[in-house]
Amino acid sequence: MTSAASATAQIGPLFDLVGRTPLIRLHRIEQDRPGIELYAKAEFANPGGSVKDRPARRMILEGLASGALSPDKILLDATSGNTGIAYAMFGAALGVRVRLCVPDNVTGERKRMLRAYGADLVLTNPLEGSDGAIREARRLYQADPGAYFYPDQYNNPLNWRAHYDTTGPEILEQAGGKLTHFVAGLGTSGTFVGVARRLRESGGDVVLASVQPDGPLHGIEGLKHMDTAIVPGIYDPSLADRDVRVDTDAAIAMTRRLAREEGLLVGISSGANVVAALAVAEPPAVVVTILCDGGERYLSDRMWEGV
Ligand SMILES: Cc1ncc(COP(=O)(O)O)c(C=O)c1O
């Protein structure tokens with residue numbers, strides 16, 4: 001067996017748990033807009049607890065296959081947390097060291113999770129957000145390229161391809177021909193771009209809506225305000241029929257409702273997606289959006305204070 005094949009065999013069971021997540025109907029929240037059926041893909045059901053397990057798995061698998069990732073390399077990337085958790089989890093299973101550039105204001109739970117998996121954290125200026133983490137990862141890589149496997153999730157087509165090959169087909173299978181709208185937030189943009197390309201190619205007449213925070217200073221962890229951020233190389237704005245801007249307070253209020261009314265404890269970007277899904281669709285409509293990650297990793301956030 002080659003070293004890549006043996007590594008893949010070793011990590012296989014963990015990789016096999018990624019994807020095939022349930023599509024959950026939001027029965028109570030959809031009542032805000034009579035005539036709309038609202039469904040959400042439960043990405044928190046992935047083994048690392050988020051949608052980012054899909055691209056991390058794909059980039060690592062291809063890195064092993066090409067030889068770019070080997071046990072002597074350090075896996076390096078910039079992440080607002082969830083891709084990092086996926087890298088750290090898979091890295092631990094593979095016996096590969098993982099170094100992550102993370103803005104210092106990500107929640108304490110995330111930092112603890114990353115360290116629990118054994119990852120080495122390079123904390124970057126919180127005022128620079130995910131852009132500061134991207135700049136630091138580039139700097140580290142350029143200083144010593146031979147030491148690292150740098151998947152660069154913001155510019156790596158395997159990021160959106162993971163969603164094109166898995167999330168998109170799953171949504172088509174689960175929602176069938178009824179689907180009228182697909183709504184997803186933009187971080188690296190991998191989820192939106194990959195699913196949107198797959199839905200376009202499937203020939204249906206689905207409205208594709210991207211979701212962004214409504215300003216540069218926002219509290220929707222995981223999402224980017226593209227007008228003012230470093231724009232990911234994989235982002236293709238021409239795919240979106242609509243681009244919905246969501247206010248942080250509205251996203252927080254919806255995140256609380258998802259917990260209380262649907263029993264779904266999720267992160268704030270999931271709340272933003274649901275706000276946008278309700279805003280974008282005209283009845284009759286069947287809308288699918290994404291619950292990007294679980295809410296446990298945000299429990300120390302101010303939004304849950306006093307609850
Ligand atoms: C919590 C959360 N929501 C949404 C996203 C956006 O996903 P994507 O990077 O596929 O655009 C991310 C990405 O990191 C995330 O961590």
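In listed order, ligands and their atoms are each counted from 1. Reckoned from all heavy atoms, side chains included, excluding hydrogens, waters and symmetry mates.
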Ligand 1 contact by [X], heavy-atom criterion under 4.0 angstrom:
{"X": "Phe44", "result": "no"}
{"X": "Gly185", "result": "yes"}
{"X": "Ser50", "result": "no"}

Which atoms of ligand 1 are found less than 4.0 Å from any heavy atom of [X]?
{"X": "Thr191", "value": "7 (O), 8 (P), 10 (O)"}
{"X": "Gly190", "value": "8 (P), 10 (O), 11 (O)"}
{"X": "Gly187", "value": "6 (C), 8 (P), 9 (O), 11 (O)"}
{"X": "Ser189", "value": "8 (P), 9 (O), 11 (O)"}
{"X": "Thr188", "value": "8 (P), 9 (O), 10 (O), 11 (O)"}

Got an N/O contact under 3.5 Å between [X] and ligand 1?
{"X": "Tyr298", "result": "no"}
{"X": "Phe192", "result": "no"}
{"X": "Asn82", "result": "yes"}
{"X": "Thr83", "result": "no"}

Flag the pair [X] and [Y] as a salt bridge only when some basic side-chain nitrogen lies within less than 4.0 angstrom of an acidic carboxylate oxygen.
{"X": "Arg197", "Y": "Glu201", "result": "no"}
{"X": "Lys224", "Y": "Asp131", "result": "yes"}
{"X": "Arg257", "Y": "Glu262", "result": "no"}
{"X": "Glu170", "Y": "Lys41", "result": "yes"}
{"X": "Arg112", "Y": "Glu109", "result": "no"}

Going by atom types only, do [X] and [Y] share a side-chain donor-acceptor pair under 3.5 Å?
{"X": "Tyr150", "Y": "Asp77", "value": "no"}
{"X": "Glu43", "Y": "Asn46", "value": "yes"}
{"X": "Asn159", "Y": "Arg54", "value": "no"}

Indicate, with yes or no, if the rings of Tyr235 and Phe192 have centres closer together than 6.0 Å.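 No, too far apart.
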Cation-pi check, Arg198 to Tyr164: give yes when NZ or CZ is under 6.0 Å from the six-membered ring centre and within 45° of the ring axis, no otherwise.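 Cation-pi check for Arg198 and Tyr164: passes.
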Measuring from atom CG of Asp120 to atom CZ of Arg97, what distance do you get when rounded to the nearest 0.5 angstrom?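 If we round to the nearest 0.5 Å, Asp120:CG and Arg97:CZ are 6.5 Å apart.
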Determine whether the side chain, the backbone, both or neither of [X] has a heavy atom under 4.0 Å from any heavy atom of ligand 1.
{"X": "Glu221", "result": "backbone"}
{"X": "Cys292", "result": "side chain"}
{"X": "Asp293", "result": "side chain"}
{"X": "Leu223", "result": "side chain"}

Per side-chain contact (heavy atoms from CB on, under 4.5 Å), Ile268 is matched among Asn273, Ile252, Asp293 by Ile252
Could you find the nearest protein heavy atom to atom 3 (N) of ligand 1 and give me its residue, atom name and distance? Ser269 OG, 2.6 Å
Closest protein heavy atom to atom 13 (C) of ligand 1, given as residue, atom name and distance to 0.1 Å: Lys52 CD, 3.5 Å
Closest to atom 5 (C) of ligand 1 (judged by heavy-atom distance), picking from Gly222, Ala86, Gly194, Ser210: Gly222
